[in-house]
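Basis for what follows: all heavy atoms, side chains included, without hydrogens, waters or symmetry-related copies. This one's a predicted model, so the numbers in the text were calculated from it and none came from an experiment.
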Amino acid sequence: MSKFVTYLGTVYPWQCGHVGHMNVMWYVGKFDEATWNFFHQLGLTPTYLRRENRGMAAVQQTIQYRKELVAGDLIRVESHLLEMREKVIRFAHTMVNVEDETPAALCELTGVHMDTAIRKSTPFPPSVRKRAAALIAGSAT
């Protein structure tokens, strides 16, 4: 299964809480930014979503915190597809401290492809399913 980089960034002092490490709200935010880059790789681009009246809804998110990140740490998020069904996608992110290459946090998400006009789930288009199959096979196209 192909993993690829979906976010690069740093931890700023104002992102740290009273205990001195990055506050949980920033982990969620950085994982969210990685998610949109991940969706782009599948063809779920902002243009597609707007043009086709589509959206993505998160229905489950689990985060495991492995190592504290502090101000100045450089981070990378690597993402990979776990599963794609007709209307549902499941994928994972790993947030890594770039300096020592240790995982800082793991995030697994489940999302649903939505028709924003009628507010109901809808199947992914064939082009997205094809890209997803390639990612699962390990040959991102």
> Step by step, would you call T102 with R66 a side-chain contact (heavy atoms from CB on, under 4.5 Å)?
Replying inline: CA-CA 9 Å; T102 58; R66 297 286 178 92; over 6 Å; no
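- Side chains of W26 and I75 form no contact here, defined as non-hydrogen atoms less than 4.5 Å apart.
- Distance CD/E52 to OG1/T116: 10.0 Å, rounded to 0.5 Å.
- A donor-acceptor pair is defined here as one N or O able to donate and one able to accept, closer than 3.5 Å; such a pair exists between the side chain of R129 and the backbone of R85.
- Atoms OH and NE2, on Y27 and H21 in that order, are 6.5 Å from each other to the nearest 0.5 Å.
- V112 and L44 fall into different hydrophobic clusters, where Ile, Leu, Val, Met, Phe, Trp and Tyr residues are linked whenever their side-chain heavy atoms come under 4.5 Å apart, directly or through other members.
- Formation of a donor-acceptor pair under 3.5 Å by the S121 side chain with backbone atoms of M114 is not found in this model.
- Between G43 and R131, the shortest heavy-atom distance links the atoms N-NH1, 3.5 Å.
- V11 and W14 end up in the same hydrophobic cluster when Ile, Leu, Val, Met, Phe, Trp and Tyr side chains are linked at under 4.5 Å.
- Taking CE from M95 and CZ from F31, the interatomic distance works out to 4.0 Å, rounded to the nearest 0.5 Å.
- Formation of a donor-acceptor pair under 3.5 Å by the K67 side chain with backbone atoms of V96 is not found in this model.
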>> Using side-chain contact (heavy atoms from CB on, under 4.5 Å), reason through L109 and H93 one step at a time and then give a plain yes or no.
In response: CA-CA 8 Å; L109 292 112; H93 298 304; 3.5 Å; yes
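- Here the two rings, on F91 and F39, have centers that are under 6.0 Å apart.
- Following chains of ILVMFWY side-chain contacts shorter than 4.5 Å, one can reach F4 starting from I89, so the two form part of one hydrophobic cluster.
- Remark: the backbone N or O of V70 is paired with a side-chain donor or acceptor of D73 at under 3.5 angstrom.
- Distance check: E108 CD to T94 OG1 gives 10.5 Å after rounding to the nearest 0.5 Å.
- Proximity of E33 to V77: side-chain heavy atoms (C-beta onward) are nowhere separated by under 4.5 Å.
- Surrounding CD of E101 are more than 12 heavy atoms belonging to other residues, nucleotides or ligands, all under 6.0 Å away.
- Applying the 6.0 Å contact sphere to CZ of R51 captures more than 12 heavy atoms from other residues, nucleotides or ligands.
- Contact detail for H80 and S2: the closest heavy-atom pair is CB-O, 3.2 Å.
- The backbone N or O of R90 lies less than 3.5 Å from no partner atom in the side chain of T110, so there is not a single donor-acceptor pair.
- Across all their heavy atoms, A34 and S79 have their closest contact at CB-OG, 4.4 Å.
- Interatomic distance, CG of D115 versus NZ of K87, reported as 10.5 Å (0.5 Å rounding).
- For the atom pair R50 CZ and T45 OG1, the distance stands at 8.0 Å (nearest 0.5 Å).
- Checking side-chain atoms of H113 against main-chain N and O of P123 turns up a donor-acceptor pair under 3.5 Å.
- Both V24 and V28 are members of a single hydrophobic cluster when ILVMFWY side chains are connected at heavy-atom separations under 4.5 Å.
- The hydrophobic cluster containing L106 does not contain F38, counting ILVMFWY residues as joined when their side-chain heavy atoms lie under 4.5 angstrom apart, directly or transitively.
- Scanning both residues, C107 and I63, for their nearest heavy atoms gives SG-CG1, 3.9 Å.
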